[in-house]
Structure formats: C-alpha cells, structure tokens
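Notes follow the structure.
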Amino acid sequence: MQDLLARIEQLEASAKRLEPDAGARKAIRDKVIAYTEDFLERIEDIPTFNYDHNGGMGLNDSPITDEPLSLDNTLELVHKEVDTPALNPASDGHLGYVPGGGIYTSSLGDYMADVTNRFAGVFYASPGAVVMENMLIRWMAEMVGYPTDCGGNLTSGGSIANLISIVTARDKKKMTGAAVEKGVIYASAHQHHCVDKAIRIAGLIDCQLRHIELDERYRIKPDDLQQKVEADKAAGLTPWLVIASAGTTDTGAIDPLDHIADIAEAHDLWYHIDGAYGAFFMLTEYGREKLKGIERSDSLVMDPHKGLFLPYGSGVVLVKDLEAMQESHQYDANYMQDTVDYDEEVSPADVSPELTKHFRGMRLWLPLKVHGLQPFRDGLNEKILLARYFRNEILQWERMEVGPEPELSIVFFRYLPETGDANAFNKKLIRFVNQEGGVFLSSTTLDGTFVIRLAALAFRTHKHTIDKALYALREGIRELTAQPEFSAAT
Ligand SMILES: *Cc1c(COP(=O)(O)O)cnc(C)c1O
C-alpha cells in the first residue's frame with residue numbers, strides 16, 4: 001500500500017507538468033504570441049509561395065521523445081519547417097485555387113474553445129455550445145432562404161459537408177442494394193472532385209454518373225439535364241440525384257440554380273448544391289441576385305473557411321429535411337444512456353459522422369460577434385470588384401485571351417504568344433509570376449486548353465494585391481516573349 005501511494009505521488013508530480021501554473025502559462029504564451037505577432041508583422045514580406053525548401057523534412061530530425069525540447073527551439077522548428085516552405089495561404093497574394101482565410105479573431109475563438117474544451121457533440125454535455133452551433137446554422141439557413149427548422153452541421157470543411165449531404169440523399173432516396181445499379185446521378189464535369197469522392201465513399205460508385213452538357217460559360221445546360229433524365233427514365237433507370245454548383249472551382253461558374261430546381265421538382269430528384277466557394281456571397285445583394293434558386297435545393301454546402309474568411313477547418317452542410325439527416329446519422333449505445341434527449345435542440349452528433357469533435361461554433365461565432373456582419377459583406381463585395389478590376393486591366397493588353405466577366409470573383413485568361421506553344425507559354429508564365437513571390441496563381445484546363453486563373457477571396461487581398469499580380473504578369477510576358485521559343489522570327 002505504501003509503495004502504491006508513493007508511486008502515485010511520484011507519477012502525479014511528473015504528470016502535473018502538463019498543467020503549467022499562471023506564471024509558466026504566461027511565459028509560454030508570451031513566446032507563442034511573439035511568434036504569431038512576428039508572422040503577422042512580416043506577412044507582406046513572406047513569399048506567397050516559397051519554392052526554396054526541403055519539404056519540412058527537418059521535422060523528422062527532431063523525433064518525439066520522453067524529454068522536452070525548449071520552446072525557443074520548438075518555435076524555430078515550426079518557423080523553418082512549417083511556416084516557410086511552399087504556400088502561405090494567409091498571404092494577401094494567395095489568388096490560386098479557392099483561397100482560404102485566417103481572420104485573427106477566429107483563432108482566438110479556437111483558443112477559447114480549446115482552453116475550455118466544451119464537448120460540442122451532444123446537447124446534454126454542453127447545451128451552450130450546441131445552441132451556439134445551431135443558432136449559427138439557423139442564421140445561415142435564413143441567409144440562403146432555407147426554412148429555419150432545417151438540419152445542419154458545422155463540419156471540418158466542404159468535403160465532409162458534401163459527404164453528409166450525399167449520404168442523407170442516398171438513404172432518403174433508398175439507393176441501396178440492387179437499386180444502386182439502376183440509379184442515375186447528374187452533375188457537371190466541373191463539379192468539385194470531393195463530390196466524386198463522396199459518391200464513392202457513400203457506396204454509390206455503381207450508380208450511373210451523367211455529366212450534363214455545359215454552356216459556353218461552363219454552366220449546366222438545363223435542357224440537356226431534362227433530356228437525359230427523361231431518356232434514363234424511359235430506359236427503366238432511376239434518376240435520383242442532381243448536383244449543381246454555386247460557383248465552380250474551375251471558373252467560378254454558377255449553374256442555373258432556379259431552372260435546375262424546376263427539373264429536380266418535376267422528376268423528384270434530390271437537388272444538392274455545392275456552394276463551398278460561392279454560397280457566402282449570399283451576404284451581398286449582388287450574390288443574392290446571382291444565386292437565385294439556391295433556396296430551392298434539398299441540401300447545400302458552404303465553406304466559412306473560404307467565403308467567410310475563417311482559418312481552415314470550417315465547412316457547413318444544410319439539409320432541408322432534418323429527419324432524413326437524423327435518419328442517416330443518429331445512433332445509440334448503452335454507454336450513451338445518460339445523455340437525455342432534448343427535443344428542442346438537435347445534437348450535432350445526430351446529424352454527422354462525428355461524436356467527439358472540435359467546438360467549431362466558437363471560431364465562427366466570435367468573429368461575427370466581434371466584427372458584426374458589415375465587414376464580411378463589404379469584403380465579399382470588394383473581392384467581386386477586384387476580380388472585375390483585374391479583368392478590365394488585362395482586357396486592354398495585346399494578345400490576352402480573357403474569360404467572361406466573372407460571375408463571382410474568379411477570372412481566367414491566357415496569353416497567346418506570337419509563336420510557340422500557348423500552353424507551354426502560360427505554364428511558364430505562372431511559374432514566373434509565382435516565383436516572384438508577391439502573388440500565387442493557379443491554373444486549370446478548359447476543353448484541353450491551359451488557362452491561368454485568378455481567384456480573389458483571401459480577406460487580405462486588396463487592390464494593391466491585384467496591382468502586384470498585374471505587374472508580375474506584365475514582367476513575365478516581357479521576359480518570356482523575349483525568349484527565342486516564343487518570339488516570332490524576324
Ligand atoms: C473547396 C471546395 C470544395 C471542397 O471543400 P474543402 O473545404 O476543401 O473540403 C468543394 N467544392 C467547391 C466548389 C470548392 O471550392
């Protein structure tokens with residue numbers, strides 16, 4: 001017995017090192033804050049993409065052991081191996097893919113959520129956390145014109161949000177067993193690949209996937225959708241799901257949401273909209289006009305870590321039919337018997353694959369409370385205008401082939417060299433621009449043609465960022481057209 005108590009005492013002394021006292025907390029915190037402040041102070045000078053690195057491999061030279069490493073050395077490792085290589089998504093110059101955010105107040109929400117560690121999975125454990133998440137879901141439901149008694153969940157991102165939608169749709173439409181092979185899903189070839197992934201994970205890979213024809217602006221052609229659905233029905237197949245985009249990743253195209261809703265209604269299809277990129281433009285008057293019909297979908301995905309400028313780790317799914325969402329995700333177990341049901345609030349665990357999860361409400365709620373909505377609206381309107389400004393500028397350049405006026409905030413374009421391969425030229429042009437470090441652009445392939453994209457969505461992106469992009473592009477074109485490969489023989 002004495003031995004036991006002595007041993008416990010010994011272990012306690014060691015285990016208690018995990019609970020630094022107020023003085024020790026301050027010492028650690030000050031250093032961490034100093035690190036992040038230094039990052040924010042230098043943010044303009046850190047290259048948006050740093051090609052000069054060894055891939056963070058130095059982390060492997062510092063193995064996890066029983067002994068601690070000094071905080072200074074630890075932060076040095078983070079600086080060198082994590083925050084220096086490759087893409088800096090916190091940069092104003094991140095104009096590639098669909099940029100993310102990183103507003104500071106959200107990081108403090110995470111900090112609070114982590115220190116208090118509320119259990120946000122079930123109402124019984126933390127009613128406040130669950131009410132916060134649910135009121136945020138109702139706020140977003142109202143924003144997009146959904147009824148406020150819809151289902152919803154704060155997810156880790158758009159991919160999981162899409163998965164939850166597809167799984168709910170599958171179960172509601174009874175797409176199981178033999179039905180799967182007769183089932184038909186309709187989507188654009190420009191739908192995000194995470195939707196294809198969700199279809200596979202949901203066990204629906206044996207459904208027919210029909211790619212609907214796109215118009216000249218890469219939007220679904222409703223007539224083609226209608227014809228395909230009718231032909232499939234006539235052939236004895238079971239059309240059950242149509243997926244549209246409220247802003248595609250490739251070109252920012254918005255499918256004709258209202259028109260697709262008519263077809264979905266007429267043929268009793270589950271109508272899913274992926275608005276991971278575009279749905280938060282519903283905060284703007286322009287967006288509400290553009291996204292008309294979004295409210296007629298059965299399920300919708302939106303990404304606060306894109307359109308609401310939050311740091312990575314926040315997606316949202318809304319499903320009109322709450323019961324269907326619960327049907328697919330609500331489970332019980334003996335060891336959960338104390339978690340009394342409350343009818344008035346839905347527990348996040350009952351509408352998602354997760355039980356224990358990060359308390360994501362706080363990272364979203366705190367910034368909305370601290371800033372109010374206006375700067376978010378204005379930031380989104382600003383991004384729309386920045387994309388137009390960029391396009392107006394390059395439209396005036398010779399030999400620029402420029403995509404249409406952006407529906408939201410993505411512009412695509414390419415330079416046509418006098419001679420030589422245009423695809424090769426534009427690949428080199430991107431590399432030139434990105435190597436300059438001020439901005440980062442990405443590309444896509446449209447009908448076999450390599451095009452450069454500029455996506456304005458990072459909250460730090462302002463006019464001076466677009467001017468940096470214009471400058472780097474002009475320099476790149478000047479440099480490359482001087483190379484023999486691309487200059488016409490004289
Ligand atoms: C980013 C994106 C996704 C994927 O969302 P994640 O948050 O990256 O998981 C899905 N669809 C569209 C249109 C996107 O832009």
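Each ligand, and each atom within it, is numbered from 1 in the order the structure gives.
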Short side-chain donor-acceptor distance under 3.5 Å, T48 and N88: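 No, no side-chain donor-acceptor contact under 3.5 Å.
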I'd like to check whether [X] has a polar contact with ligand 1, where a contact means an N/O of the residue lying under 3.5 Å from an N/O of the ligand.
X	value
H305	yes
N162	no
G157	no

[X] heavy atoms, cut-off 4.0 Å: which ligand 1 atoms fall inside?
X	value
G247	13 (C)
V98	15 (O)
D303	5 (O), 6 (P), 7 (O)
A276	2 (C), 3 (C), 10 (C), 11 (N), 12 (C), 14 (C)

Ring centre gap for [X] and [Y] strictly below 6.0 Å:
X	Y	answer
F413	F390	yes
Y286	F281	no
Y277	Y97	no

D45: partners by side chain to side chain donor-acceptor pair (under 3.5 Å), with sequence neighbours left out: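 If we apply the side chain to side chain donor-acceptor pair (under 3.5 Å) test to D45, skipping adjacent residues, there are no hits.
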Aromatic plane relationship, H305 with Y312 - under 30° parallel, 30 to 60° tilted, over 60° perpendicular: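 Rings of Y312 and H305: perpendicular, over 60°.
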Which protein heavy atom lies closest to [atom], and at what distance to 0.1 Å?
atom	result
atom 4 (C) of ligand 1	H192 CE1, 3.6 Å
atom 15 (O) of ligand 1	K306 NZ, 2.8 Å
atom 13 (C) of ligand 1	T249 OG1, 3.3 Å
atom 11 (N) of ligand 1	D274 OD2, 2.6 Å
atom 9 (O) of ligand 1	S159 OG, 2.6 Å
atom 6 (P) of ligand 1	G158 N, 3.3 Å

salt_bridge(E405, R388) N-O dist < 4.0 Å: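 Yes, E405 and R388 are salt-bridged.
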Heavy-atom closest pair, residues L283 and R377: O-NH1, 2.8 Å
Location of contacts on C194 toward ligand 1, heavy atoms closer than 4.0 Å: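 Answer for C194: side chain.
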Worked check of side chain to side chain contact (heavy atoms under 4.5 Å, CB included) between V451 and T445: CA-CA 6 Å; V451 299; T445 299; over 6 Å; no
Any G278 heavy atom less than 4.0 Å from ligand 1: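 G278 does not count as a contact of ligand 1 under the 4.0 Å cut-off.
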OH/Y271: more than 12 non-hydrogen atoms of other groups inside 6.0 Å: yes
